[in-house]
*Asks:* 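I have a structure here, written as structure tokens, and I will follow up with some questions on it.
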Amino acid sequence: MTLPPAPTRPPLQHAVTGVLLFLLMLPVTAMVPVLSALTVERHPGIGDFARHLFMSVNMLGALLAAPLAGWLSDRSGQRVALIIAALTLNALCLFLLGLPQSYPATLLLRFIEGCAHVGALSLLMTLAADHTRSEGLGATMGGVGAAISLGVAAGAPLGGWIGAHDATLVPTLGAALIAALTVAAALLLRDAGRPAARERRSPLAALAMRRALAMPYAFAFIDRFTVGFIVSTVSLYFAGVLHLGPARIGLAMAAFLLPFALLTWPAGVLCRRIDSLTLMLAGSALYGLFLIALPWAREASLLPVMAIGGSVAALMYAPSLVLTARLAPPDARALSVAGFNVAGSAGFALGPLVAGALLALLRAIGVDSHVPVFVFFGLCEIVLVLALLPHWWHARRHTTSNSLKLSACHADVRCTPSPSRNTP
């Protein structure tokens, strides 16, 4: 089979992909400041669990779509056609969400929208890696993470500003934006000419081929588990306990997300000098402490505390992307990135559900406080770090031992030469 020619200007493809990723994320966090308006205000009588389900069901759709999109893409060798199809479906679902719906219909649309959004997201991330040589993966995936997180950061205050006038404008304008992205993708994106996978593979095939992918996948799950908690429970906590309006909630989310976005690319570049696992462990430990401290912050100190949390979050996100791209088998890259997004989507889906269930349980036993829930989610990050410390220590000792042996070999002229150099 003749492969399509590789694009002659990869930097242009990187720029286009980055802009598309940035704009694709805007409608996602634009929903966060208007979560109450889109759930309990439009559908009075729904409980805590149902409100949290609005965010979770979106990621449940992603669990189905990400591996399917990755498998189809690796099998066909085509990324762009699938991206266009996913963006079209995403725009349609967002448009329908702006119309009057029953709450079950709203949840169904959120499910389908999650399928379409994460399918497009995974394949755009994969396309960026396709157009990059191995030595440039750190900078490229750091740039991908920065584009995504900048979109997330910009979406929160934008949604708060739009939603202050009419919450239903958030999904409606989001639909118009994604429709424009669909046209741009069709005109500007090009496949990189990667070979199609020769074998049928299940969504877990990449993990079976590279067991080390379990590490970035575990971080993706726990990190997005806490993000699901932040965009649902923390948003509701700001509204119900601190009595912040949509615009103020959007500003608080932006204080967290903007430093996160700005520092993601430098964190990816830093992976050239410091190994990815070390950065992920350090970032996750600090992030866990931030979550534990957050409920003690009052309104006056809220923005600086959120900014600190976003800064340390960048140290765990970019390295996990870099490690996933480096470990991915060449003919299963889309599946590997999809697996990363599946793990993250699973965490994002469970985060609001677990938080809602914990709040309901605490209220049932007479504890009217959010503090234990914040502590629980912070400890999840810290426990993951402690669980992987032995592996990190073993890897560090192995790397140091190899470096010392290599240095000794270079210093000793009697060092045994390699077989290739003994060959006349």
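What you see below is based on every heavy atom in this structure, not just the backbone, and it leaves out hydrogens, waters and symmetry mates. Bear in mind the structure is a predicted one, so any value in this text is a computation, not a measurement.
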*Asks:* Once you round to the nearest 0.5 Å, how far does NE2 of His391 lie from CE of Met215?
*Replies:*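 Separation between the atoms: 3.5 Å.
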
*Asks:* Under the ring-ring contact (aromatic ring centres under 6.0 Å, His included) test, which residues partner Tyr287, sequence neighbours left out?
*Replies:*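 Checked Tyr287 against ring-ring contact (aromatic ring centres under 6.0 Å, His included); matches are Phe290.
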
*Asks:* To the nearest 0.5 Å, what is the distance between CZ (Arg224) and CZ (Phe229)?
*Replies:*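 Taking CZ in Arg224 and CZ in Phe229, the distance rounds to 16.0 Å.
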
*Asks:* To the nearest 0.5 angstrom, please state how far the CG atom of Leu189 sits from the CZ atom of Arg79.
*Replies:*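 So the CG of Leu189 and the CZ of Arg79 are separated by 12.5 Å.
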
*Asks:* Should the pair Trp161 and His165 be assigned to parallel (<30°), tilted (30 to 60°) or perpendicular (>60°) ring geometry?
*Replies:*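 Geometry flag for His165 against Trp161: perpendicular rings.
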
*Asks:* Could you give the distance from CD1 (Ile230) to CZ (Phe225), rounded to the nearest 0.5 Å?
*Replies:*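 Here the interatomic distance stands at 12.0 Å.
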
*Asks:* May I ask you to decide if Ile274's main-chain N or O and Thr278's side chain share a donor-acceptor pair within less than 3.5 Å?
*Replies:*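 Flag not set: sc Thr278 to bb Ile274 has no pair under 3.5 Å.
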
*Asks:* Step by step, work out the side chain to side chain contact (heavy atoms under 4.5 Å, CB included) result for Leu38 and Phe54.
*Replies:* CA-CA 9 Å; Leu38 293 176; Phe54 182 85; 4.2 Å; yes

*Asks:* For Tyr317, what residues pass the ring-ring contact (aromatic ring centres under 6.0 Å, His included) criterion, not counting sequence neighbours?
*Replies:*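 With sequence neighbours excluded, Tyr317 shows a ring-ring contact (aromatic ring centres under 6.0 Å, His included) to Phe260, given in chain and number order.
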
*Asks:* Taking atom OH of Tyr103 as the centre, report whether more than 12 heavy atoms of other residues, nucleotides or ligands fall under 6.0 Å from it.
*Replies:*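 Atom OH in Tyr103 is crowded, with more than 12 foreign heavy atoms closer than 6.0 Å.
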
*Asks:* Under the criterion side-chain contact (heavy atoms from CB on, under 4.5 Å), which of Leu257, Ile148, Leu150 is the partner of Met25?
*Replies:*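 Checked Leu257, Ile148, Leu150 against Met25; only one passes side-chain contact (heavy atoms from CB on, under 4.5 Å): Ile148.
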
*Asks:* Please identify each residue that fulfils side chain to side chain contact (heavy atoms under 4.5 Å, CB included) with Ile292, with sequence neighbours left out.
*Replies:*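 Expected list: Val375, Leu379, Ile382.
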
*Asks:* Just jot down the salt bridge (charged side-chain N to carboxylate O under 4.0 Å, His left out) partners of Arg110, sequence neighbours excluded, or say none.
*Replies:*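 By the salt bridge (charged side-chain N to carboxylate O under 4.0 Å, His left out) rule, Arg110 matches Glu113.
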
*Asks:* Going by the rule side chain to side chain contact (heavy atoms under 4.5 Å, CB included), which residues pair with Ile84 if we only count those two or more places apart in sequence or in a different chain?
*Replies:*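 With sequence neighbours excluded, Ile84 shows a side chain to side chain contact (heavy atoms under 4.5 Å, CB included) to Val80, Thr88, Thr182, Ala185, Ala186, given in chain and number order.
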
*Asks:* Backbone N or O of Asp223 within a donor-acceptor pair of the Thr226 side chain at under 3.5 Å?
*Replies:*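 Yes: the side chain of Thr226 pairs with the backbone of Asp223.
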
*Asks:* Which atom pairs, one a donor and one an acceptor, fall under 3.5 Å between side chains of residues 300-310 and the rest of the protein, sequence neighbours left out?
*Replies:*
unit_1, atom_1, unit_2, atom_2, d
Ser301, OG, Arg298, N, 3.4
Ser301, OG, Arg298, O, 3.4

